[in-house]
There are 2 protein chains.
Amino acid sequence: MSNTTVENIILGCLSFGPRSGYEIKKIISMSSSWFYNASYGSIYPILKKHEDNGLVSSEETVDNGRYKRIYQLTPKGYKVFEKWMLESPKLMTVKYEMAVKLMFFAHLKPGQRIKQVEQHIEQLILFKQELEEIEPYAASEGDFYQRLILDWGENLYSFLIEWFGKFLDELKNNSGDVPINSKTRE
Amino acid sequence: MSNTTVENIILGCLSFGPRSGYEIKKIISMSSSWFYNASYGSIYPILKKHEDNGLVSSEETVDNGRYKRIYQLTPKGYKVFEKWMLESPKLMTVKYEMAVKLMFFAHLKPGQRIKQVEQHIEQLILFKQELEEIEPYAASEGDFYQRLILDWGENLYSFLIEWFGKFLDELKNNSGDVPINSKTRE
DNA sequence: TTATTCATGTAATTTGTTACATGATTCT
DNA sequence: AGAATCATGTAACAAATTACATGAATAA
């Protein structure tokens, strides 16, 4: 059976050097959490599984009197990681509750529609700001590609904010209603 | 405990009229599958659960000698659905394996980078075409908002194709390498 | 007549989160 | 002294998919 994406992310984190489970969690939170996340409840069992499969080896260390289990990629683990890197990636999956609600927007009253969209735009702006706050970290810790995906994220959220902004304008111009039979926009 | 998004989608599908589980699956596949999907293994148990909770009622019918169980929203079910519609939607979650791979792109050889991005763009174009094929269905079966989310999806994939297209150009201009220390793009 | 679509449903498995338990160290 | 962070790990639960089982009706 092939590895899951999270299992491969963990191999990927170790490809930059030995890390503890705690450090891996940090890296994921700071760089990929908004398009792929992992909790301790995933990370530690996966590290154990990787060790059982000979993809990583671990060593107990004491760092400033602090117990740590440091994991390291084995040659076999690196091969598995490399193979995965060359495979065609799975298609993106999006879970977007706002889009679901949009499906049933006809049931809302005009004022409610406007309010929902306004609130959603606020949410998007807030999230984009959070992404922008990661930037200094990515600039210091990450390489070119880590910064690149941050750029991608910011562009994605700009797109969403813009799209919903246009939709909001349309709603407002029609007092929360939409022109019946209007064609979709270019 | 509150309903999950999928549980609410099912209520939403029934808000347009009585439907069978099979029909609900069809609707979801044709309109929301690319941002929220559900399999029979989810739908049938959820319908049973909704009935236990008094949110839907069901009736066994025979349609052209064909057994069908038709579900209908109860007033209580409609209230629960309406309440959910007015709540602030959960933030979007994205699972984007290509973005994960991008994190570790430094490990690939220049030629491999170009190939991966090219293949990914092809995938995106294919998926966008699939979305466009839904359009006739949405135009005939769906209302304004169903068409709107299709429009959103097409715009989203256009954005992705464009973004990766720019990235590919950059890679090609540097024979698969990227300028060290180059700043992220505007 | 045979493949496809219609139609419902369950069981096993996968994947992952949340909450908990535990305890050391460091910052204020 | 106390709060926050470092650090590891498990158990219970949640959500959902996949695969299977079943069978009727219809289109090729």
Side-chain angles (χ1 to χ4, degrees), chain A residues 1-10 13-14 18-30 32-53 56 58-71 90-91 93-95 97 100 137, chain B residues 1-11 13 18-30 32-53 56 58-71 90-91 93-95 97 100 137:
Chain A
M1 198 50 66
S2 184
N3 277 340
T4 65
T5 303
V6 177
E7 284 163 356
N8 284 310
I9 293 176
I10 288 172
C13 287
L14 294 175
R19 299 274 187 277
S20 68
Y22 190 82
E23 286 170 316
I24 290 170
K25 166 76 177 151
K26 269 267 162 99
I27 293 170
I28 293 175
S29 295
M30 291 303 274
S32 81
S33 58
W34 46 284
F35 58 83
Y36 244 110
N37 209 356
S39 59
Y40 291 123
S42 305
I43 292 170
Y44 286 115
I46 287 172
L47 282 169
K48 192 174 273 178
K49 190 186 155 193
H50 278 338
E51 193 163 26
D52 290 343
N53 294 334
V56 306
S58 77
E59 208 188 342
E60 283 184 37
T61 62
V62 179
D63 183 17
N64 279 65
R66 212 169 230 155
Y67 166 80
K68 272 190 195 185
R69 181 172 286 275
I70 302 292
Y71 291 88
K90 284 182 222 147
L91 260 185
T93 64
V94 181
K95 302 236 161 184
E97 212 186 42
V100 175
Y137 166 84
Chain B
M1 199 49 66
S2 183
N3 276 338
T4 66
T5 303
V6 177
E7 283 163 357
N8 284 310
I9 293 177
I10 289 172
L11 294 181
C13 287
R19 301 271 187 278
S20 68
Y22 190 81
E23 285 170 317
I24 289 170
K25 166 76 178 151
K26 269 266 160 102
I27 294 171
I28 292 175
S29 295
M30 290 304 273
S32 81
S33 57
W34 47 284
F35 57 85
Y36 244 110
N37 209 356
S39 60
Y40 290 124
S42 303
I43 291 169
Y44 286 114
I46 287 172
L47 282 169
K48 191 174 273 179
K49 189 186 156 193
H50 278 337
E51 193 163 25
D52 290 343
N53 294 333
V56 306
S58 78
E59 210 187 343
E60 282 183 38
T61 62
V62 178
D63 184 16
N64 281 64
R66 213 169 232 156
Y67 165 80
K68 273 190 194 185
R69 182 172 285 274
I70 303 291
Y71 291 87
K90 284 183 224 145
L91 261 185
T93 64
V94 182
K95 302 235 161 182
E97 211 185 43
V100 175
Y137 166 84

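In what follows, chains carry the letters A, B, and so on, assigned in the order in which the sequence lines appear, proteins first and then strands, with residues in each chain numbered from 1.
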*Which whole-number value in Å describes the distance from Y44(A) OH to dA21(C) C1'?*
14 Å
Check nucleotides 17-19 of chain D against the protein and report each pair of N or O atoms closer than 3.5 Å, with its distance, or say if there are none.
from: dT17(D); atom 1: OP2; to: S39(B); atom 2: N; distance (Å): 3.2
from: dT17(D); atom 1: OP2; to: S39(B); atom 2: OG; distance (Å): 3.0
from: dT17(D); atom 1: OP2; to: S42(B); atom 2: OG; distance (Å): 2.9

_Rounding to an integer number of Å, can you tell me how far E51(A) CD sits from dT8(D) C1'?_
14 Å
_Least distance between heavy atoms, S39(B) atom then K25(B) atom_ = CA-NZ, 4.1 Å
*Provide, to the nearest angstrom, the distance between the CZ atom belonging to R69(B) and the P atom belonging to dA7(C).*
15 Å
*Residue list, side chain to side chain contact (heavy atoms under 4.5 Å, CB included) with P45(B), at least two apart or on another chain*: none
*Measure from NZ on K49(A) to P on dG16(C) and round the result to the nearest Å.*
10 Å
*Measure from the side chain of Y22(A), starting at C-beta and using heavy atoms only, and say which of dA15(D), dC6(C), dC6(D) lies closest.*
dC6(D)
*Whole Å only: how far is the OH atom of Y36(A) from the P atom of dT17(C)?*
11 Å
*Option passing side chain to side chain contact (heavy atoms under 4.5 Å, CB included) with I10(B) (candidates I46(B), N3(B), V56(B), T5(B))*: I46(B)
*Measure from CD1 on I24(B) to P on dG9(C) and round the result to the nearest Å.*
11 Å
Pairs: protein N or O with nucleotides 25-28 of chain D N or O, under 3.5 Å:
from: dA25(D); atom 1: OP1; to: G65(B); atom 2: O; distance (Å): 3.2
from: dA25(D); atom 1: O4'; to: R66(B); atom 2: NH2; distance (Å): 3.3

*Calculate the interatomic distance between I10(B) atom CD1 and dA16(D) atom P; express it in whole Å.*
10 Å
*Any residue meeting ring pair (Phe, Tyr, Trp, His ring centres under 6.0 Å) with Y44(B), in chain and number order, not counting sequence neighbours*: Y40(B)
*Taking the nucleotide of DNA chain D with the closest heavy atom to each, which residue, K68(A) or K48(A), is nearer the 5' end?*
K68(A)
*List in chain and number order the residues that pass salt bridge (charged side-chain N to carboxylate O under 4.0 Å, His left out) with E60(A), two or more places apart in sequence or in another chain; answer none if no residue qualifies.*
R69(A)
*Just jot down the salt bridge (charged side-chain N to carboxylate O under 4.0 Å, His left out) partners of K48(A), sequence neighbours excluded, or say none.*
none
*Quick one: label K26(B) by what it contacts on the DNA or RNA (base, sugar-phosphate, nothing), any heavy atom closer than 4.0 Å.*
sugar-phosphate
*Which atom pair, heavy atoms only, marks the closest approach of I9(A) to Y36(A)?*
CD1-CB, 3.7 Å
*Return the angle between end axes of the helix from dT1(C)-dA28(D) to dT28(C)-dA1(D), with five pairs used per end and rounding to 10°.*
40°
*asked:* Please tell me if K25(B) has a side-chain N or O lying less than 4.0 Å from either OP1 or OP2 of dC6(C).
replied: no
*Under 4.0 Å between any heavy atoms, over every strand shown, what does Y67(A) touch: base, sugar-phosphate, or nothing? Just pick one.*
sugar-phosphate
*Contacts of T4(A) that satisfy side chain to side chain contact (heavy atoms under 4.5 Å, CB included) - sequence neighbours left out*: V6(A), E7(A)
*With sequence neighbours excluded, what pairs up with D63(B) under the side-chain hydrogen bond (donor to acceptor under 3.5 Å, both in side chains) test?*
K68(B)
*What pairs with K90(B) under salt bridge (charged side-chain N to carboxylate O under 4.0 Å, His left out), at least two apart in sequence or on another chain?*
E97(A)
*Partner residues of K26(A) under the side-chain hydrogen bond (donor to acceptor under 3.5 Å, both in side chains) criterion, sequence neighbours left out*: none
_Could you work out, with side chain to side chain contact (heavy atoms under 4.5 Å, CB included) as the rule, every residue matching I27(A), not counting sequence neighbours?_
C13(A), R19(A), S31(A)
*Rounding to a whole Å, what distance do you find between R19(B):CZ and dC6(C):P?*
15 Å
*OP1 or OP2 of dC6(D) less than 4.0 angstrom from a side-chain nitrogen or oxygen of S20(A), does that happen here?*
no
